[in-house]
Amino acid sequence: MAKHPAVFIDRDGTLIDDVGYIKQSSEVSFYPFTFEALSVLQEHFLLFIITNQSGIGKGITTTEEVSEVNKFILKILKQQEIVIYDTFCCPHKTEDKCDCKKPKTYFIDKAQQLYNIDLSRSFIIGDHPSDVQCGLNARITPVYVLTGHGQMHRDELNNGVVICSNLLEASKHIILEITRHE
Ligand SMILES: [Mg+2]
Ligand SMILES: [Zn+2]
């Protein structure tokens, strides 16, 4: 069976505005370019969301609230005919030393097994150096975006990491990359 390339996408600061720990769907604000970016990407890749939601571990949000917010995001995306194959959420705070918080590769590995993903042709897009590191740890290609926390943490990146202004530019970059290698 043929393996599928995937794009793993961060949630806050990448797909939607990062406004802190989101408790309800009314706080969700999609970036204006998110739908176009995902429409382009899903023609070539299976799409996944991987999100660190330490607000749960800190007692600021609950698992139920975060899960409702994620469902809402998927519903809006579906209305735009965008299919997210799975959403993976780490509820832990850093001190918990869990196995699933990015930059750990737990959810990428899980997706690889569940959906037969070809990691050598896969990407991760995010606005935090931990997203980039997660991609490097999983041996997939990271693309850093300057929305959300991107601008603030830009100096922490190692040389050679691809930096795009936002998710749409990142998607264009990725499409260019794969057509160059076809
Ligand atoms: Mg983020
Ligand atoms: Zn975790």
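Just so it is clear, the model here is predicted, and its values are computed rather than measured. First listed ligand is number 1; within each ligand, the first listed atom is number 1. Numbers for residues simply follow the sequence, beginning at 1.
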Donor-acceptor pair, N137 side chain versus P103 backbone, under 3.5 Å? yes

Quick one: do F48 and Y115 satisfy ring-ring contact (aromatic ring centres under 6.0 Å, His included)? Show the steps, please. CA-CA 11 Å; F48 296 91; Y115 300 95; 5.1 Å; yes

Indicate yes or no for a side-chain donor-acceptor contact from T87 to the backbone of I49 under 3.5 Å, with no hydrogens or angles considered. no

Protein N, O or S within less than 2.8 Å of the Mg ion (ligand 1), waters excluded: D10 OD2, D12 O, D127 OD1

Among D10, N52, T51, whose side-chain hydrogen bond (donor to acceptor under 3.5 Å, both in side chains) with K102 holds? D10

Could you walk me through whether F30 and F35 pass the ring-ring contact (aromatic ring centres under 6.0 Å, His included) test, one step at a time? CA-CA 8 Å; F30 281 93; F35 304 132; 5.1 Å; yes

So which N/O/S atom does H92 have closest to the Zn ion (ligand 2)? ND1

Just by modelled atom types, is the K93 backbone N or O under 3.5 Å from a matching donor or acceptor in the S54 side chain? no

